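Each remark here refers to the structure printed beneath this line.
Only a predicted model underlies this, so the values are computations on that prediction, with no experimental measurement involved. One is the number of the first residue; the rest follow in order along the sequence.
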Amino acid sequence: MYDIIYIGGGLNYAGAIVAAKNGKKVALIESDMSQIGGVCLHKGCIPSKMFLHYSNLIYESQNEIIEGSLRLDMKTLFEKKDALLKSVTKVVQKQCSHVELIEGKGKLIAPHKVEVNGKVIEGEYIVIGTGSSPFIPEGIAHNAKDIIISDDVLNLQELPKKISIYGTGAIGLEMASFFATAGVEVTLINRHDKVLKNAHPSIENAVQMQLEKLGVNILSSHPVSKATSTKKGVHITYEDGSSNYTEMLLVATGRRPNVDVIGCDAVEVKHGIVTDAYFETTLEKHYAIGDCNGKLQLAHAARAETLNVTERILGKNPRALNLEHVVKFIHTLPMSYAVVGKTKMQLENEGINYKESLVTLNQFTYSVYNHASKGLMVSFVDEEGFILGAEILAPNAEELIATVAMSLAGEMDAAQAKRTILAHPTFSEALERTFYKL
């Protein structure tokens, strides 16, 4: 009998480590121990950002000041990526030295009972963190060769000359940036009419202009009905009846929560595993964290959730997490998009009275040599001046947004934010100026 059984070795491992260090008897079930650390570490944020880092060096080198030309050596990049991930995996496994690691596919078959490798183990508490999987629409024949998903991109030994990318979520936009800056001809297929439909309108326009400047051809309002591999290339058929061929198709149409871990009627499943504000399922002492609960598909959110749950089990009575205060970002190049708190669209949809302050980065000389002349920052406050959120399009926006995230956590108002004197020349001073304009 275990005190806690953690099912899924993604960011769930962070909770397992804390529980074990606090004297609990802990088991962590993971279907493939070579993948402990989850999608983020092995197939998502870490390797993809590594790829984007090196492709950005290619982009930065393409100016009149630097002579010559550079190209990505994909074989070497693949080898460096693999070596890094193997090294980090060993570190994670070492951190789990006080946790009983069980390799196998766990399934909750009854309250407090988990089946794994043909055996049933029991735990007073169960924490499910089984993540999510790529969603491939019906009619698209994924083969991991010329019809690929983001996992397959990270295993490419050479770049295609041309690629089409279906989907304009975080993965689609990031991969469009990667391939375009690496010198690949990119067509971005969008089922909608806007590439970043939930962002501030000015940011949405700027992101589209940024992609077009990189050479990305954007095909708007073109839902795909079918895609198959042929001798001539990938044949894509659209819902309007038109079609074309492409050398390679990357399917980036989102991810779906992994809920097949649930084999117990007491745990309700809808889009994801249903939980309350503390991530407890409809079955007492059974929790679901991360992508599988369908709330927020971000690694740092999953880590915060499993730590919050673990603290609750340990009797530390943590506050409920406010998932609106979790930083969200899309690592496009050369500027990325980041948001925390309420967005303009949310404020308007929820009928909240707010005041907006927008500052464009072309007011700052620093933007000239950082490819940021189309960048901007927008801050929002309520009628009493308290900060509600911000949206940023700038180089390293995911870092810059941290100031606003801390302001939200500290329940600051714009008057307090103005007291912070930020460095010059940096883009953070543009954020400072948004507060001064409120």
Side-chain angles (χ1 to χ4, degrees), residues 1-20 22 24-40 96 98-135 255-297 299 301-315 318 320-321 323:
M1 178 76 173
Y2 295 93
D3 295 315
I4 314 172
I5 298 173
Y6 292 83
I7 307 176
L11 274 297
N12 223 3
Y13 82 85
I17 291 170
V18 171
N22 278 269
K24 297 296 183 182
K25 184 180 180 183
V26 177
L28 176 65
I29 300 170
E30 166 55 42
S31 59
D32 182 356
M33 281 301 167
S34 70
Q35 299 292 301
I36 193 167
V39 167
C40 174
C96 293
H98 298 294
V99 177
E100 184 176 339
L101 299 177
I102 302 173
E103 188 170 60
K105 191 171 176 63
K107 192 177 188 72
L108 182 71
I109 58 170
H112 308 284
K113 294 183 179 181
V114 178
E115 184 180 64
V116 57
N117 300 329
K119 297 181 180 179
V120 176
I121 60 175
E122 297 187 35
E124 183 181 359
Y125 293 90
I126 310 293
V127 183
I128 301 165
T130 46
S132 61
S133 299
F135 167 64
R255 300 179 67 86
R256 292 248 173 115
N258 293 329
V259 297
D260 58 349
V261 63
I262 303 299
C264 174
D265 292 340
V267 177
E268 186 179 358
V269 177
K270 290 183 179 177
H271 168 63
I273 301 170
V274 176
T275 73
D276 64 13
Y278 288 94
F279 313 106
E280 189 169 27
T281 70
T282 47
L283 179 59
E284 187 181 7
K285 295 187 175 182
H286 292 65
Y287 298 83
I289 65 92
D291 290 12
C292 70
N293 65 27
K295 296 181 187 294
L296 198 57
Q297 292 184 354
R303 183 178 185 277
E305 289 172 22
T306 192
L307 292 175
N308 188 269
V309 165
T310 300
E311 286 188 348
R312 191 178 186 202
I313 292 171
L314 293 173
L321 293 179
L323 295 183

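Shown here are the salt bridge (charged side-chain N to carboxylate O under 4.0 Å, His left out) partners of Glu124, two or more places apart in sequence or in another chain: Lys285. Shown here are the side-chain hydrogen bond (donor to acceptor under 3.5 Å, both in side chains) partners of Ser133, two or more places apart in sequence or in another chain: Asn258. By the side-chain contact (heavy atoms from CB on, under 4.5 Å) test, Ala299 is found to be paired with Leu11, Cys40, Cys45, residues two or more places apart in sequence or in another chain being considered. With sequence neighbours excluded, the residues satisfying side-chain contact (heavy atoms from CB on, under 4.5 Å) with Leu307 are Ala14, Val18, Arg303. With sequence neighbours excluded, the residues satisfying side-chain hydrogen bond (donor to acceptor under 3.5 Å, both in side chains) with Glu100 are Tyr2. A search for side-chain contact (heavy atoms from CB on, under 4.5 Å) contacts involving Arg256 returns Phe135, not counting sequence neighbours. Every residue two or more places apart in sequence or in another chain that forms a side-chain hydrogen bond (donor to acceptor under 3.5 Å, both in side chains) with Tyr6 is listed here: Thr310. Applying the side-chain hydrogen bond (donor to acceptor under 3.5 Å, both in side chains) test to Thr282 and every residue at least two apart in sequence or in another chain returns nothing.
Of all heavy-atom pairs between Met1 and Gly123, the closest is CE-C, 3.7 Å. Taking all atoms of both residues into account, the shortest heavy-atom contact from Asn293 to Ala288 is ND2-O, 3.1 Å. Ala16 approaches Val26 most closely through the heavy-atom pair CB-CG1, 3.9 Å. Contact detail for Asn12 and Ile128: the closest heavy-atom pair is ND2-C, 3.9 Å.
Checked by atom type and distance alone, the side chain of Gln297 never pairs as donor or acceptor with a backbone atom of Ser132 at under 3.5 Å.
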Could you give the side-chain donor-acceptor pairs of residues 101-109 under 3.5 Å, partners two or more places apart or in another chain?
| unit_1 | atom_1 | unit_2 | atom_2 | d |
| --- | --- | --- | --- | --- |
| Glu103 | OE2 | Met33 | N | 2.8 |
| Lys107 | NZ | Asp260 | O | 2.6 |

In residues 262-277, what donor-acceptor pairs under 3.5 Å come from side-chain atoms, sequence neighbours left out?
| unit_1 | atom_1 | unit_2 | atom_2 | d |
| --- | --- | --- | --- | --- |
| Thr275 | OG1 | Lys295 | NZ | 3.3 |
| Asp276 | OD1 | Tyr278 | N | 2.8 |
| Asp276 | OD1 | Phe279 | N | 3.1 |
| Asp276 | OD1 | Glu280 | N | 2.9 |

Item to complete: Start with the C-alpha distance between Tyr13 and Glu30, add both sets of side-chain angles, then the distance that settles side chain to side chain contact (heavy atoms under 4.5 Å, CB included), and finish with yes or no.
Response: CA-CA 10 Å; Tyr13 82 85; Glu30 166 55 42; over 6 Å; no
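With contacts defined as side-chain heavy-atom distances shorter than 4.5 Å, the pair Val39/Asp291 does not qualify. When side chains are defined from C-beta on, Cys96 counts as touching Ile36, because their heavy atoms get closer than 4.5 Å.
Each of Val114, Thr130, Ile29 was scored for a side chain to side chain contact (heavy atoms under 4.5 Å, CB included) with Val261, with one residue passing: Thr130.
Listed by first and then second residue, the ring pair (Phe, Tyr, Trp, His ring centres under 6.0 Å) pairs involving residues 101-120 are His112-His286 (not counting sequence neighbours). Contacts classified as salt bridge (charged side-chain N to carboxylate O under 4.0 Å, His left out) and involving residues 110-122 (residues at least two apart or in different chains) are not found.
To the nearest 0.5 angstrom, Thr281 atom OG1 is 9.0 Å from Tyr287 atom OH. For the atom pair CG of Leu321 and CG of Asn308, the computed distance is 4.0 Å after rounding to the nearest 0.5 Å.
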